[in-house]
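The shown structure was predicted, so the numbers you read here are calculated from the model rather than taken from an experiment.
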Amino acid sequence: MKIARKKFLVLFGPNILREVQKDTVGAETYDSMILHIKSYASNMNVCCDVFQSNWEGEIIDKIHQSAVLYDGVVIDIGALTHYSYAIRDAIHSVRIPFVEAHMENLFALEDFRNKSVIASVCAGQIGGLGAYSYLLALEALRHIK
């Protein structure tokens, strides 16, 4: 009997790897980061899809779809983290774990970026470690029942 591998989604919102983050993420490009994430997931023996959108509605649709397609989601929705109650409600409506991850430390940013409206509906939050935050979030999802 073959055991099904877990399947995770890494979900990105607007402005991933924007220019102002270069001091945090270094020379990493979006494409190289995605290759690194997928390679890491493969080495963990899990399947991993990646989705990015600048549109809140597309992100919400993907969250709703995730309930039947994935075992868990790593989510970094950029600035939407601080004010999108619609995304918060979408996460709350599905019954799989979400781990919020950010390259930057939210608490080291402007005051209005210190608050995450999605944190209360996520299993955990990881940030401030550059692209490594996403790898740690995948590890966390692998261990969540």
Side-chain angles (χ1 to χ4, degrees), residues 4-42 44 46-145:
R5 292 191 329 169
K6 286 190 174 185
K7 187 170 185 181
F8 300 135
L9 172 66
V10 178
L11 178 58
F12 292 112
N15 299 319
I16 189 70
L17 290 179
R18 66 190 190 279
E19 284 303 312
V20 297
Q21 290 179 324
K22 292 303 180 196
D23 60 333
T24 302
V25 300
E28 185 99 68
T29 67
Y30 178 76
D31 291 336
S32 68
M33 185 175 71
I34 299 313
L35 288 174
H36 193 189
I37 289 169
K38 287 188 171 207
S39 173
Y40 191 87
S42 179
M44 289 183 354
V46 299
C47 298
C48 181
D49 292 334
V50 177
F51 179 80
Q52 187 276 329
S53 179
N54 293 323
W55 299 95
E56 186 176 26
E58 282 185 335
I59 293 168
I60 291 167
D61 288 344
K62 197 67 172 178
I63 290 168
H64 289 155
Q65 294 167 2
S66 71
V68 295
L69 298 175
Y70 300 101
D71 298 300
V73 177
V74 172
I75 187 166
D76 179 354
I77 52 171
L80 295 170
T81 299
H82 314 294
Y83 67 85
S84 181
Y85 291 99
I87 290 176
R88 182 230 176 262
D89 292 347
I91 294 169
H92 185 67
S93 74
V94 299
R95 299 293 179 217
I96 60 172
F98 280 67
V99 174
E100 181 182 358
H102 301 280
M103 286 185 272
E104 297 173 307
N105 176 354
L106 297 184
F107 301 103
L109 302 175
E110 304 93 339
D111 288 346
F112 73 92
R113 295 186 195 273
N114 296 166
K115 171 81 171 142
S116 166
V117 300
I118 68 170
S120 65
V121 293
C122 290
Q125 183 184 65
I126 298 169
L129 303 171
Y132 190 60
S133 296
Y134 307 123
L135 307 183
L136 290 174
L138 285 171
E139 281 286 347
L141 277 178
R142 186 172 71 155
H143 296 286
I144 294 172
K145 301 275 180 199

**Q** Side chains of I60 and I87: does their closest heavy-atom pair fall under 4.5 Å?
**A**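 I60 vs I87: side chains touch.
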
**Q** Tell me which donor-acceptor pairs under 3.5 Å the side chains of residues 130-140 have, and how far apart each pair is, sequence neighbours excluded?
**A**
from	atom 1	to	atom 2	distance (Å)
S133	OG	H102	O	2.9
S133	OG	L129	N	3.2
S133	OG	G130	O	3.2
Y134	OH	D76	OD2	2.5
E139	OE1	R142	NH2	3.0
E139	OE2	Y40	OH	3.1

**Q** Tell me, which pairs form a salt bridge (charged side-chain N to carboxylate O under 4.0 Å, His left out) where one or both residues lie in residues 46-64, sequence neighbours left out?
**A**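 Residue pairs with at least one partner in residues 46-64: K7-D49.
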
**Q** Nearest 0.5 angstrom please: F8 CZ to I144 CD1, how far?
**A**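 Reported value, rounded in 0.5 Å steps: 8.0 Å.
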
**Q** Considering all heavy atoms of both residues, which atom of I59 and which atom of S53 are nearest to each other, and what is their separation?
**A**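 Between these two residues, the closest heavy atoms are CD1-O, 3.6 Å.
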
**Q** Does anything in residues 49-69 pair up under ring-ring contact (aromatic ring centres under 6.0 Å, His included), and if so which pairs, sequence neighbours excluded?
**A**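 Not a single pair qualifies under ring-ring contact (aromatic ring centres under 6.0 Å, His included).
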
**Q** P97 and L141: which non-hydrogen atoms are nearest, and at how many Å?
**A**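 Looking at all heavy atoms of both residues, the closest pair is O-CD2, 3.6 Å.
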
**Q** Show the nearest heavy-atom pair for residues A119 and E100, with the distance to one decimal.
**A**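 So the minimum-distance heavy-atom pair works out to CA-OE1, 3.5 Å.
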
**Q** Would L11 and Y70 count as a side chain to side chain contact (heavy atoms under 4.5 Å, CB included) if you check the C-alpha gap in whole Å, the side-chain angles of each, and the deciding distance to 0.1 Å?
**A** CA-CA 12 Å; L11 178 58; Y70 300 101; over 6 Å; no

**Q** If you round to the nearest 0.5 Å, how far is CG of L80 from CZ of R88?
**A**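 The distance works out to 15.5 Å.
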
**Q** With N54, which residues qualify under side-chain hydrogen bond (donor to acceptor under 3.5 Å, both in side chains), at least two apart?
**A**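 Residues passing side-chain hydrogen bond (donor to acceptor under 3.5 Å, both in side chains) with N54: Q52.
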
**Q** Quick one, V117 with Y83, criterion side chain to side chain contact (heavy atoms under 4.5 Å, CB included). Give me CA distance, side-chain angles, the key distance, then yes/no.
**A** CA-CA 6 Å; V117 300; Y83 67 85; 5.7 Å; no

**Q** Run the side chain to side chain contact (heavy atoms under 4.5 Å, CB included) test against L69 and tell me which residues pass, sequence neighbours left out.
**A**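 Once residues adjacent in sequence are excluded, the partners of L69 under the side chain to side chain contact (heavy atoms under 4.5 Å, CB included) criterion are Q65.
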
**Q** Are the side chains of I118 and F98 in touch, meaning some heavy atoms are under 4.5 Å apart?
**A**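 No, every pair of side-chain atoms sits at 4.5 Å or beyond.
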
**Q** Is there a side-chain contact between D71 and V46, using heavy atoms and a 4.5 Å cut-off?
**A**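 They are not in side-chain contact.
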
**Q** Write down the atom of K38, the atom of C48, and the distance for their closest heavy-atom approach.
**A**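 So the minimum-distance heavy-atom pair works out to CE-O, 3.8 Å.
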
**Q** Tell me, please, which residues at least two apart from A67 pass side chain to side chain contact (heavy atoms under 4.5 Å, CB included).
**A**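 For A67 the side chain to side chain contact (heavy atoms under 4.5 Å, CB included) partners, ignoring immediate neighbours, are V94.
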
**Q** Does S39 reach the main-chain N or O of H36 with its side chain, forming a donor-acceptor pair under 3.5 Å?
**A**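 Flag not set: sc S39 to bb H36 has no pair under 3.5 Å.
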
**Q** Is it the case that the side chain of T81 and the backbone of G78 share a donor-acceptor pair, with hydrogens and angles ignored and the cut-off at 3.5 Å?
**A**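 Such a contact is found between T81 side chain and G78 backbone.
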
**Q** What residue among L9, I126, V10 forms side chain to side chain contact (heavy atoms under 4.5 Å, CB included) with V74?
**A**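 Per the side chain to side chain contact (heavy atoms under 4.5 Å, CB included) rule, the option paired with V74 is V10, out of L9, I126, V10.
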
